[in-house]
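Below, chains carry the letters A, B, ... as their sequence lines are ordered, and counting in each starts from 1.
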2 protein chains.
Amino acid sequence: MLLSKSCVYGIRAVLYLSVNDEREYVPIKEISDKMGISFHFLTKILQVLTNAGMIKSMKGAKGGVGLNQPASSISLYDVIRELDGETLFEECVLGLPGCADDNPCSMHKIWRVTKAELKKELEEENFGSLAQQITEDEIRLYDV
Amino acid sequence: MLLSKSCVYGIRAVLYLSVNDEREYVPIKEISDKMGISFHFLTKILQVLTNAGMIKSMKGAKGGVGLNQPASSISLYDVIRELDGETLFEECVLGLPGCADDNPCSMHKIWRVTKAELKKELEEENFGSLAQQITEDEIRLYDV
DNA sequence: TTATATTAAGACATAAGAGTCTTTTATCAC
DNA sequence: GTGATAAAAGACTCTTATGTCTTAATATAA
């Protein structure tokens, strides 16, 4: 699996917040209901993003979570880095310590190029653009 | 993590067998010792590859495991498919059911291209070529 | 100030992946 | 045949990821 469940849920939640960007706070319960994600699990995931400063939160009635910065300034890579770390893009695929360009493992050549491309694309794709595409019905946010 | 530990160990074991292709059977104990992999764990992984017909095995003294086909006819993708399945290359990254080109999720466009390239490269890289590169000291098989 | 809504925090439960150990079965050498 | 060697099979343990539940803290509104 490329991304952990936490990471996938995190991405989908930030997408939801990006689409609902005009609302200052959206209750996590609303997101978890709409996206079909366990409420308590999602809460823990969003706490990580809150601590990272990516989203802001407010307790109590009228509270919830919301983007803490323009959707267009948050990339897919930003969310992945917070929730899954950069292992996928940094460590040797075969787990060999000290694997590097001048001392490569058997999958090094292949993954080196692919991961660089993937990282670049994930860094360039921002949630503002994705939210717009969702609004224009070009891509999907939900199941079904 | 791109590949499971089982898959990584499987790849490294098949690499070892490819480098030692002139020997009909190599004891799993030798592979696990040399590669620093748990013997019993590796045994279970190699059983999968044996059942898949990729390697052959022989019990008893002088027994062990060996390639069941030319190293050059086994691709990295073959081993990955047996041990991790094709989920990585088939399922939607965001886990949305029914995600397809005409009904894409937010990461669909990015991953669609990347995974196709990655799959192609993994299919084209065979263990004969890798073994030769290891023998010629161009790439590494072990830690350190 | 009291009730309600909502995140924060952390204990707890379940499932899957990773790893260990023991017993059984098959093969070779003597 | 007997003993040694090695894979096969399966029970078992440990760890991590995933998911649930309960309580505390905080904000709003009546």
Side-chain angles (χ1 to χ4, degrees), chain A residues 1-13 16-17 23-68 80 82-85 87-88 94-95, chain B residues 1-13 16-17 20 23-68 80 82-85 87-88 95:
Chain A
M1 187 157 52
L2 192 74
L3 305 176
S4 71
K5 283 254 184 180
S6 301
C7 189
V8 166
Y9 292 163
I11 290 173
R12 290 171 62 192
Y16 190 91
L17 291 179
R23 300 163 62 187
E24 192 169 10
Y25 291 107
V26 177
I28 299 178
K29 189 78 176 62
E30 174 183 330
I31 308 177
S32 67
D33 282 349
K34 288 270 178 65
M35 312 289 283
I37 303 171
S38 146
F39 167 70
H40 291 288
F41 192 33
L42 184 57
T43 293
K44 285 202 294 189
I45 294 164
L46 293 184
Q47 273 173 37
V48 175
L49 299 183
T50 302
N51 292 334
M54 185 177 295
I55 65 180
K56 59 187 174 184
S57 71
M58 170 85 113
K59 291 180 181 177
K62 305 270 173 174
V65 293
L67 296 184
N68 200 28
I80 293 172
E82 292 305 335
L83 294 171
D84 274 359
T87 330
L88 181 61
L94 295 187
Chain B
M1 187 159 50
L2 193 73
L3 305 175
S4 71
K5 283 255 183 178
S6 300
C7 190
V8 166
Y9 292 164
I11 290 172
R12 291 172 61 192
Y16 190 90
L17 291 180
N20 290 274
R23 300 163 62 187
E24 192 170 12
Y25 292 106
V26 177
I28 299 178
K29 190 76 177 62
E30 175 182 331
I31 308 176
S32 67
D33 281 351
K34 287 270 179 65
M35 313 288 284
I37 303 171
S38 145
F39 167 70
H40 291 286
F41 192 32
L42 184 58
T43 293
K44 286 202 291 189
I45 294 164
L46 293 184
Q47 272 173 38
V48 175
L49 299 183
T50 303
N51 293 334
M54 186 176 295
I55 64 179
K56 60 188 174 183
S57 71
M58 171 85 113
K59 290 181 182 176
K62 305 271 172 174
V65 292
L67 296 184
N68 200 28
I80 293 172
E82 292 304 335
L83 294 171
D84 274 359
T87 329
L88 181 62

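In this structure, the separation between CD1 on A:Ile11 and CD on A:Glu82 is 12.0 Å, given to the nearest 0.5 Å. Atom CE in B:Met1 sits 11.0 Å away from atom OG in A:Ser4 (nearest 0.5 Å).
In this structure, B:Leu46 reaches neither bases nor backbone, as no heavy-atom distance under 4.0 Å exists between it and the strands shown. As judged by a 4.0 angstrom heavy-atom cut-off over every strand, B:Tyr25 is placed among residues making no nucleic acid contact.
A salt bridge links B:Glu24 to B:Lys56: one of the charged nitrogens lies within less than 4.0 Å of a carboxylate oxygen.
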List every contact pair, protein side and nucleotides 26-30 of chain D side both N or O, where the distance is under 3.5 Å.
unit_1: D:dA27; atom_1: O4'; unit_2: A:Lys59; atom_2: O; d: 3.4

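Using a 4.5 Å cut-off on side-chain heavy atoms (C-beta onward), A:Tyr9 and A:Ser32 make no contact. Using a 4.5 Å heavy-atom cutoff, the side chains of B:Val65 and B:Leu49 are not in contact. Counting heavy atoms from C-beta on, the side chains of B:Val8 and B:Leu83 never come closer than 4.5 Å. The closest side-chain heavy-atom distance from A:Ile37 to A:Ile31 is not below 4.5 Å.
A:Leu42 places its CG atom 14 Å from the P atom of D:dT18, with the value rounded to the nearest Å. A:Gln47 has its CD atom 9 Å from the P atom of C:dG10, to the nearest Å. Computed from coordinates, the B:Asn51 CG to D:dA8 P distance equals 8 Å when rounded to whole Å. Rounded to whole Å, the distance from NZ on A:Lys29 to P on C:dA8 is 16 Å. Rounded to whole Å, the distance from NE2 on B:His40 to C1' on D:dA9 is 12 Å. Atom CG in B:Leu3 sits about 15 Å away from atom C1' in C:dG17, given to the nearest Å. Here C:dG19 presents its P atom at 16 Å from CD1 of B:Ile28, a figure rounded to the nearest Å. Distance CD1 (B:Ile45) to P (D:dA9): 16 Å, rounded to an integer number of Å.
The environment of NZ in A:Lys5 is sparse: at most 12 heavy-atom neighbours from other residues, nucleotides or ligands sit within 6.0 Å.
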message: Please determine whether side-chain contact (heavy atoms from CB on, under 4.5 Å) holds for the pair A:Tyr16 and A:Glu30, giving the CA-CA distance in whole Å, both sets of side-chain angles, and the decisive distance to 0.1 Å.
response: CA-CA 10 Å; A:Tyr16 190 91; A:Glu30 174 183 330; 2.6 Å; yes
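One finds a side-chain N or O of A:Ser38 lying less than 4.0 angstrom from the OP1 or OP2 phosphate oxygen of D:dT20. Distances shown here put a side-chain N or O of B:Ser57 below 4.0 Å from the OP1 or OP2 atom of D:dA8.
In the set C:dC21, D:dA8, C:dG19, the nucleotide with an atom closest to the side chain of B:Phe41 is C:dG19.
Annotation: proximity of residues 4-11 of chain A to DNA chain D (heavy atom, distance under 4.0 Å) is found for A:Ser4, A:Lys5, A:Ser6, A:Tyr9, numbered in ascending order.
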